[in-house]
Number of protein chains: 2
Amino acid sequence: MRKENSTHHHNEKAITSNCPITSTMLAIGGRWKIIILWHLKTGSLRYNEIRKAIPNISEKMLIQQLKELMQSGWVDKKDYHEIPPRTEYSLTPLGASFIPILERIYEWGVENRITDLVRNMEG
Amino acid sequence: MRKENSTHHHNEKAITSNCPITSTMLAIGGRWKIIILWHLKTGSLRYNEIRKAIPNISEKMLIQQLKELMQSGWVDKKDYHEIPPRTEYSLTPLGASFIPILERIYEWGVENRITDLVRNMEG
DNA sequence: GGAAGTACACACAATTTGGTAAGTACACAT
DNA sequence: ATGTGTACTTACCAAATTGTGTGTACTTCC
(Lines give C-alpha, C1' and ligand atoms only; values in the text may rest on other atoms or scores of the structure.)
Protein backbone atom coordinates (compact mmCIF):
# COMPACT_ATOMS: atom_id res chain seq x y z
CA MET A 1 0.00 0.00 0.00
CA ARG A 2 2.90 2.31 0.67
CA LYS A 3 6.39 2.34 -0.64
CA GLU A 4 8.14 2.74 2.66
CA ASN A 5 11.35 3.81 1.01
CA SER A 6 10.13 6.59 -1.24
CA THR A 7 11.36 10.09 -0.66
CA HIS A 8 7.76 11.12 -0.50
CA HIS A 9 7.15 8.85 2.45
CA HIS A 10 10.48 9.64 4.03
CA ASN A 11 9.74 13.36 3.93
CA GLU A 12 6.32 12.81 5.40
CA LYS A 13 7.87 11.02 8.33
CA ALA A 14 10.60 13.59 8.77
CA ILE A 15 8.06 16.38 8.81
CA THR A 16 5.58 14.80 11.17
CA SER A 17 7.94 13.08 13.54
CA ASN A 18 8.57 16.19 15.57
CA CYS A 19 5.91 18.64 14.60
CA PRO A 20 2.54 18.47 16.36
CA ILE A 21 0.92 20.62 13.71
CA THR A 22 1.87 18.59 10.68
CA SER A 23 1.12 15.39 12.57
CA THR A 24 -2.35 16.70 13.25
CA MET A 25 -2.79 17.81 9.67
CA LEU A 26 -1.73 14.41 8.46
CA ALA A 27 -4.40 12.78 10.61
CA ILE A 28 -7.22 14.96 9.28
CA GLY A 29 -5.73 15.46 5.86
CA GLY A 30 -8.01 13.50 3.59
CA ARG A 31 -10.51 15.31 1.42
CA TRP A 32 -13.48 14.24 3.51
CA LYS A 33 -12.19 13.79 7.05
CA ILE A 34 -12.96 17.22 8.37
CA ILE A 35 -16.41 17.13 6.85
CA ILE A 36 -17.06 13.81 8.55
CA LEU A 37 -15.87 15.12 11.89
CA TRP A 38 -18.03 18.19 11.43
CA HIS A 39 -21.14 16.09 10.90
CA LEU A 40 -20.36 13.92 13.90
CA LYS A 41 -19.97 16.83 16.27
CA THR A 42 -23.65 16.83 17.16
CA GLY A 43 -23.77 13.13 18.00
CA SER A 44 -23.36 9.68 16.58
CA LEU A 45 -24.62 8.83 13.12
CA ARG A 46 -25.28 5.65 11.21
CA TYR A 47 -23.26 4.88 8.13
CA ASN A 48 -26.06 5.81 5.75
CA GLU A 49 -26.84 8.97 7.62
CA ILE A 50 -23.33 10.18 7.00
CA ARG A 51 -23.63 9.24 3.34
CA LYS A 52 -26.78 11.26 2.94
CA ALA A 53 -25.27 14.17 4.81
CA ILE A 54 -22.32 14.21 2.41
CA PRO A 55 -23.86 13.70 -1.01
CA ASN A 56 -20.72 13.71 -3.16
CA ILE A 57 -18.76 11.11 -1.26
CA SER A 58 -18.54 7.60 -2.67
CA GLU A 59 -18.91 4.54 -0.49
CA LYS A 60 -15.29 3.59 -0.91
CA MET A 61 -14.11 7.01 0.17
CA LEU A 62 -16.44 7.17 3.14
CA ILE A 63 -15.35 3.79 4.45
CA GLN A 64 -11.72 4.56 3.81
CA GLN A 65 -11.75 7.87 5.61
CA LEU A 66 -13.77 6.46 8.49
CA LYS A 67 -11.22 3.67 8.85
CA GLU A 68 -8.36 6.11 8.93
CA LEU A 69 -10.13 8.27 11.47
CA MET A 70 -10.68 5.21 13.63
CA GLN A 71 -7.06 4.13 13.31
CA SER A 72 -5.84 7.49 14.46
CA GLY A 73 -8.32 7.53 17.30
CA TRP A 74 -10.63 10.35 16.30
CA VAL A 75 -13.73 8.26 15.64
CA ASP A 76 -15.35 5.24 17.25
CA LYS A 77 -17.66 2.68 15.74
CA LYS A 78 -20.38 0.61 17.31
CA ASP A 79 -21.49 -2.46 15.42
CA TYR A 80 -24.85 -3.75 16.61
CA HIS A 81 -24.37 -7.08 14.85
CA GLU A 82 -27.89 -7.01 13.52
CA ILE A 83 -29.28 -7.92 10.20
CA PRO A 84 -29.80 -5.76 8.24
CA PRO A 85 -26.51 -4.34 9.48
CA ARG A 86 -26.45 -1.39 11.83
CA THR A 87 -23.38 0.60 12.76
CA GLU A 88 -22.96 3.91 14.44
CA TYR A 89 -20.04 6.27 14.28
CA SER A 90 -19.18 8.86 16.88
CA LEU A 91 -16.34 11.08 17.96
CA THR A 92 -13.90 9.81 20.56
CA PRO A 93 -12.92 12.20 23.34
CA LEU A 94 -9.84 12.99 21.26
CA GLY A 95 -11.96 13.79 18.23
CA ALA A 96 -14.39 15.84 20.28
CA SER A 97 -11.54 17.84 21.82
CA PHE A 98 -10.56 19.02 18.37
CA ILE A 99 -13.97 20.42 17.48
CA PRO A 100 -13.36 23.81 19.18
CA ILE A 101 -10.37 24.27 16.92
CA LEU A 102 -12.44 23.46 13.86
CA GLU A 103 -14.95 26.01 15.07
CA ARG A 104 -12.24 28.63 15.34
CA ILE A 105 -11.09 27.86 11.83
CA TYR A 106 -14.68 28.15 10.70
CA GLU A 107 -15.04 31.59 12.28
CA TRP A 108 -11.72 32.70 10.90
CA GLY A 109 -12.76 31.54 7.45
CA VAL A 110 -16.01 33.47 7.63
CA GLU A 111 -14.33 36.64 8.90
CA ASN A 112 -11.80 36.52 6.10
CA ARG A 113 -14.26 35.51 3.37
CA ILE A 114 -11.95 32.67 2.59
CA THR A 115 -14.44 30.89 0.37
CA ASP A 116 -14.48 33.91 -1.93
CA LEU A 117 -10.70 33.96 -2.02
CA VAL A 118 -10.56 30.34 -3.06
CA ARG A 119 -13.30 30.86 -5.63
CA ASN A 120 -11.31 33.68 -7.19
CA MET A 121 -8.13 31.64 -7.27
CA GLU A 122 -9.85 28.93 -9.29
CA GLY A 123 -11.76 31.19 -11.64
CA MET B 1 -2.29 22.26 -14.82
CA ARG B 2 -5.74 21.09 -13.79
CA LYS B 3 -8.39 19.12 -15.53
CA GLU B 4 -11.30 21.41 -14.82
CA ASN B 5 -13.83 18.72 -15.65
CA SER B 6 -12.56 15.85 -13.52
CA THR B 7 -14.76 14.53 -10.77
CA HIS B 8 -11.84 15.08 -8.46
CA HIS B 9 -11.78 18.76 -9.25
CA HIS B 10 -15.54 19.02 -9.29
CA ASN B 11 -15.77 17.54 -5.83
CA GLU B 12 -13.08 19.84 -4.55
CA LYS B 13 -15.09 22.80 -5.73
CA ALA B 14 -18.34 21.47 -4.33
CA ILE B 15 -16.73 20.96 -0.96
CA THR B 16 -14.93 24.25 -0.69
CA SER B 17 -17.50 26.52 -2.28
CA ASN B 18 -19.54 26.78 0.87
CA CYS B 19 -17.34 25.56 3.67
CA PRO B 20 -14.91 27.98 5.28
CA ILE B 21 -13.00 25.15 6.90
CA THR B 22 -12.28 23.11 3.81
CA SER B 23 -11.51 26.27 1.87
CA THR B 24 -8.95 27.16 4.49
CA MET B 25 -7.54 23.67 4.47
CA LEU B 26 -7.24 23.80 0.71
CA ALA B 27 -5.22 26.99 0.95
CA ILE B 28 -2.72 25.60 3.46
CA GLY B 29 -2.97 22.03 2.29
CA GLY B 30 0.37 21.43 0.68
CA ARG B 31 2.95 19.34 2.44
CA TRP B 32 5.15 22.31 3.24
CA LYS B 33 2.85 25.30 3.51
CA ILE B 34 2.22 25.20 7.22
CA ILE B 35 5.89 24.71 7.90
CA ILE B 36 6.70 27.73 5.79
CA LEU B 37 4.10 29.84 7.58
CA TRP B 38 5.46 28.68 10.91
CA HIS B 39 8.96 29.81 10.04
CA LEU B 40 7.73 33.18 8.82
CA LYS B 41 5.81 33.94 11.98
CA THR B 42 8.80 35.60 13.62
CA GLY B 43 9.52 37.87 10.69
CA SER B 44 10.53 37.97 7.07
CA LEU B 45 13.09 35.58 5.68
CA ARG B 46 15.17 35.37 2.53
CA TYR B 47 14.63 32.52 0.13
CA ASN B 48 17.76 30.70 1.20
CA GLU B 49 17.02 31.20 4.86
CA ILE B 50 13.77 29.33 4.43
CA ARG B 51 15.57 26.60 2.54
CA LYS B 52 18.06 26.14 5.33
CA ALA B 53 15.31 26.18 7.92
CA ILE B 54 13.50 23.38 6.11
CA PRO B 55 16.22 20.96 5.12
CA ASN B 56 14.17 18.34 3.29
CA ILE B 57 12.39 20.65 0.90
CA SER B 58 13.53 20.83 -2.69
CA GLU B 59 13.91 24.13 -4.50
CA LYS B 60 11.03 23.36 -6.81
CA MET B 61 8.72 22.59 -3.92
CA LEU B 62 9.71 25.66 -1.96
CA ILE B 63 9.11 27.97 -4.90
CA GLN B 64 5.86 26.23 -5.76
CA GLN B 65 4.43 26.43 -2.28
CA LEU B 66 5.56 30.02 -1.84
CA LYS B 67 3.84 30.92 -5.10
CA GLU B 68 0.62 29.29 -4.00
CA LEU B 69 0.79 31.01 -0.63
CA MET B 70 1.27 34.33 -2.41
CA GLN B 71 -1.61 33.66 -4.79
CA SER B 72 -3.96 32.96 -1.94
CA GLY B 73 -2.74 36.02 -0.08
CA TRP B 74 -0.98 34.49 2.90
CA VAL B 75 2.55 35.51 2.01
CA ASP B 76 4.18 38.58 0.48
CA LYS B 77 7.45 38.86 -1.41
CA LYS B 78 9.86 41.74 -1.69
CA ASP B 79 12.31 41.61 -4.55
CA TYR B 80 15.26 43.95 -4.02
CA HIS B 81 16.36 43.69 -7.65
CA GLU B 82 19.96 43.30 -6.65
CA ILE B 83 22.65 41.07 -7.98
CA PRO B 84 23.24 38.57 -6.57
CA PRO B 85 19.45 38.31 -6.19
CA ARG B 86 17.78 39.12 -2.92
CA THR B 87 14.18 38.42 -2.05
CA GLU B 88 12.36 38.43 1.22
CA TYR B 89 9.21 36.61 2.14
CA SER B 90 6.86 37.61 4.92
CA LEU B 91 3.35 36.98 6.16
CA THR B 92 0.55 39.22 5.00
CA PRO B 93 -1.94 40.42 7.62
CA LEU B 94 -4.15 37.54 6.52
CA GLY B 95 -1.36 35.05 7.03
CA ALA B 96 -0.42 36.56 10.36
CA SER B 97 -4.01 36.40 11.56
CA PHE B 98 -3.95 32.64 11.12
CA ILE B 99 -0.90 32.10 13.32
CA PRO B 100 -2.88 32.02 16.59
CA ILE B 101 -4.87 29.12 15.21
CA LEU B 102 -1.70 27.28 14.26
CA GLU B 103 -0.48 27.88 17.79
CA ARG B 104 -3.65 26.37 19.20
CA ILE B 105 -3.23 23.33 17.00
CA TYR B 106 0.34 23.11 18.19
CA GLU B 107 -0.70 23.14 21.83
CA TRP B 108 -3.48 20.67 21.18
CA GLY B 109 -1.03 18.37 19.43
CA VAL B 110 1.39 18.51 22.34
CA GLU B 111 -1.33 17.89 24.93
CA ASN B 112 -2.56 14.87 23.03
CA ARG B 113 0.87 13.51 22.14
CA ILE B 114 -0.26 13.47 18.58
CA THR B 115 3.21 12.87 17.19
CA ASP B 116 3.35 9.60 19.12
CA LEU B 117 -0.02 8.59 17.73
CA VAL B 118 1.12 9.17 14.19
CA ARG B 119 4.38 7.37 14.83
CA ASN B 120 2.48 4.34 16.06
CA MET B 121 0.16 4.37 13.08
CA GLU B 122 3.08 4.16 10.68
CA GLY B 123 5.13 1.63 12.60
C1' DG C 1 39.29 30.92 -15.88
C1' DG C 2 36.85 28.00 -12.83
C1' DA C 3 34.12 27.65 -8.62
C1' DA C 4 30.58 29.43 -5.57
C1' DG C 5 26.40 31.81 -4.22
C1' DT C 6 21.74 33.76 -5.25
C1' DA C 7 16.89 32.89 -6.75
C1' DC C 8 14.68 30.82 -9.62
C1' DA C 9 12.51 27.67 -14.29
C1' DC C 10 11.56 23.48 -16.78
C1' DA C 11 11.10 18.66 -18.40
C1' DC C 12 10.26 14.49 -16.61
C1' DA C 13 9.39 10.44 -13.43
C1' DA C 14 7.79 8.36 -9.13
C1' DT C 15 4.03 8.13 -5.70
C1' DT C 16 -0.06 8.91 -3.68
C1' DT C 17 -4.83 10.06 -3.68
C1' DG C 18 -9.36 9.97 -5.40
C1' DG C 19 -13.18 7.99 -8.26
C1' DT C 20 -15.96 4.21 -10.90
C1' DA C 21 -18.17 0.18 -11.25
C1' DA C 22 -19.11 -3.94 -9.78
C1' DG C 23 -19.88 -7.61 -6.21
C1' DT C 24 -20.85 -9.71 -1.19
C1' DA C 25 -24.09 -11.22 2.59
C1' DC C 26 -28.18 -11.50 4.85
C1' DA C 27 -33.17 -10.71 5.77
C1' DC C 28 -37.62 -9.00 4.85
C1' DA C 29 -41.44 -7.55 1.73
C1' DT C 30 -44.18 -8.15 -2.59
C1' DA D 1 -38.27 -15.34 -7.06
C1' DT D 2 -37.20 -10.80 -7.66
C1' DG D 3 -36.34 -6.51 -5.53
C1' DT D 4 -34.93 -3.51 -1.56
C1' DG D 5 -32.05 -1.95 2.15
C1' DT D 6 -27.86 -2.10 5.03
C1' DA D 7 -22.87 -1.89 5.44
C1' DC D 8 -19.38 -2.86 3.41
C1' DT D 9 -15.10 -5.03 -0.21
C1' DT D 10 -12.44 -5.36 -4.28
C1' DA D 11 -10.18 -4.52 -8.80
C1' DC D 12 -9.07 -1.16 -11.67
C1' DC D 13 -8.15 3.48 -13.67
C1' DA D 14 -7.62 8.68 -13.66
C1' DA D 15 -5.72 12.57 -11.69
C1' DA D 16 -3.15 15.18 -8.46
C1' DT D 17 0.90 15.83 -5.71
C1' DT D 18 5.62 15.43 -4.87
C1' DG D 19 10.49 14.65 -6.10
C1' DT D 20 14.89 14.54 -9.37
C1' DG D 21 17.95 16.55 -12.23
C1' DT D 22 19.46 19.97 -14.96
C1' DG D 23 19.86 24.76 -16.67
C1' DT D 24 19.74 30.09 -16.39
C1' DA D 25 21.78 34.80 -15.27
C1' DC D 26 24.65 37.54 -12.95
C1' DT D 27 28.59 38.72 -9.83
C1' DT D 28 32.31 38.10 -6.62
C1' DC D 29 36.17 35.42 -4.94
C1' DC D 30 40.42 32.69 -5.53
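Quick note on labels: first sequence line is chain A, next is B, and so on, each numbered from 1. Note that the structure is a prediction, hence the values are computed from the model and not measured.
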List the atom of [X], the atom of [Y], and the distance in Å for their closest heavy-atom pair.
X     : Y      : result
A:I28 : A:I34  : O-CG1, 3.9 Å
B:S23 : A:I114 : CB-CG2, 3.9 Å
B:V75 : B:L37  : CG2-CD2, 4.0 Å
A:K33 : A:A27  : CD-O, 3.3 Å

Discussion item. Whether the side chain of B:S44 engages the backbone of B:E88 through a donor-acceptor N/O pair (distance < 3.5 Å, no angle test) should be reported.
Written reply: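 Between the backbone of B:E88 and the side chain of B:S44 there is no qualifying donor-acceptor contact (under 3.5 Å).
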Discussion item. Between B:R31 and A:H8 (side chain of the first, backbone of the second, donor and acceptor by atom type, cut-off under 3.5 Å), is there such a pair?
Written reply: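 Side chain of B:R31 to backbone of A:H8, a donor-acceptor pair under 3.5 Å: yes, one is there.
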What is the distance, rounded to the nearest whole Å, between atom [atom1] of [X] and atom [atom2] of [N]?
X     : N      : atom1 : atom2 : answer
B:L62 : D:dG19 : CG    : P     : 12 Å
A:H9  : C:dA14 : NE2   : C1'   : 15 Å
A:K78 : D:dA7  : NZ    : P     : 15 Å
B:I54 : D:dT18 : CD1   : C1'   : 15 Å
A:M70 : D:dC8  : CE    : C1'   : 11 Å
A:H10 : C:dT15 : NE2   : P     : 14 Å
A:L26 : D:dT17 : CG    : C1'   : 14 Å
B:Q64 : D:dT18 : CD    : C1'   : 8 Å

Worksheet item: Taking C-beta and beyond as the side chain, do A:M70 and A:Y89 meet within less than 4.5 Å on heavy atoms?
Response: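 A side-chain contact exists here, since the closest heavy-atom pair is under 4.5 Å.
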Discussion item. OP1 or OP2 of D:dA7 versus the side-chain N and O atoms of A:K77: is any pair under 4.0 Å?
Written reply: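 False: A:K77 side-chain N/O out of range (4.0 Å or more) of D:dA7 OP1/OP2.
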Worksheet item: side chain to side chain contact (heavy atoms under 4.5 Å, CB included) with B:T7: which residues, sequence neighbours excluded?
Response: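 For B:T7 the side chain to side chain contact (heavy atoms under 4.5 Å, CB included) partners, ignoring immediate neighbours, are B:N11.
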Item to complete: Could I get the full list of side chain to side chain contact (heavy atoms under 4.5 Å, CB included) partners for B:K41, not counting sequence neighbours?
Response: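 So B:K41 forms a side chain to side chain contact (heavy atoms under 4.5 Å, CB included) with B:W38, B:L91, B:I99, B:E103.
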Item to complete: For B:Q65, answer base if it contacts any base atom (sugar-phosphate contacts may also be present), sugar-phosphate if it contacts only those atoms, and nothing otherwise; contact means non-hydrogen atoms under 4.0 Å.
Response: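 Sugar-phosphate contact only.
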Practice prompt. With heavy atoms under 4.0 Å as the rule, sort A:Y89 into base, sugar-phosphate or nothing.
Written response: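 If one applies the 4.0 Å heavy-atom cut-off, A:Y89 turns out to touch the sugar-phosphate alone, with no base involved.
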Tabulate protein N/O versus nucleotide N/O from nucleotides 19-26 of chain C, keeping only pairs under 3.5 Å, one per line.
residue: C:dG19; atom: OP1; partner: A:R31; partner atom: NH1; Å: 3.4
residue: C:dG19; atom: OP1; partner: B:N11; partner atom: ND2; Å: 2.4
residue: C:dG19; atom: OP2; partner: A:W32; partner atom: NE1; Å: 3.4
residue: C:dG19; atom: N7; partner: A:K60; partner atom: NZ; Å: 2.8
residue: C:dG19; atom: O6; partner: A:K60; partner atom: NZ; Å: 2.1
residue: C:dT20; atom: OP1; partner: B:T7; partner atom: OG1; Å: 3.3

Item to complete: Look at the side chain of B:K67 and decide which nucleotide, out of D:dT9, C:dT16, C:dA9, has an atom nearest to it.
Response: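 Of the candidates, C:dA9 comes closest.
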Fill in: Bending between helix ends of the helix from C:dG1-D:dC30 to C:dT30-D:dA1 [5 pairs per end, 10° resolution]
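So the angle between the two local helix axes works out to 20°.
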Discussion item. Using a 4.0 Å cut-off on heavy atoms, which residues in residues 37-51 of chain B reach DNA chain D? List them by number, or say none.
Written reply: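 Result for residues 37-51 of chain B: none.
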Worksheet entry | Qualifying salt bridge (charged side-chain N to carboxylate O under 4.0 Å, His left out) pairs with a residue from residues 56-66 of chain B, counting only residues at least two apart or across chains |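 As it turns out, the salt bridge (charged side-chain N to carboxylate O under 4.0 Å, His left out) pairs with a partner in residues 56-66 of chain B, which skip direct neighbours, are B:R51-B:E59.
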Worksheet item: Under 4.5 Å between side-chain heavy atoms, hopping through other hydrophobics if needed: is there a path connecting A:Y47 to A:I83?
Response: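 Per the 4.5 Å side-chain linkage, A:Y47 and A:I83 are not co-clustered.
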Worksheet item: Can you say whether the rings of A:W108 and B:W74 are parallel (under 30°), tilted (30 to 60°) or perpendicular (over 60°)?
Response: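 Correct class here is tilted.
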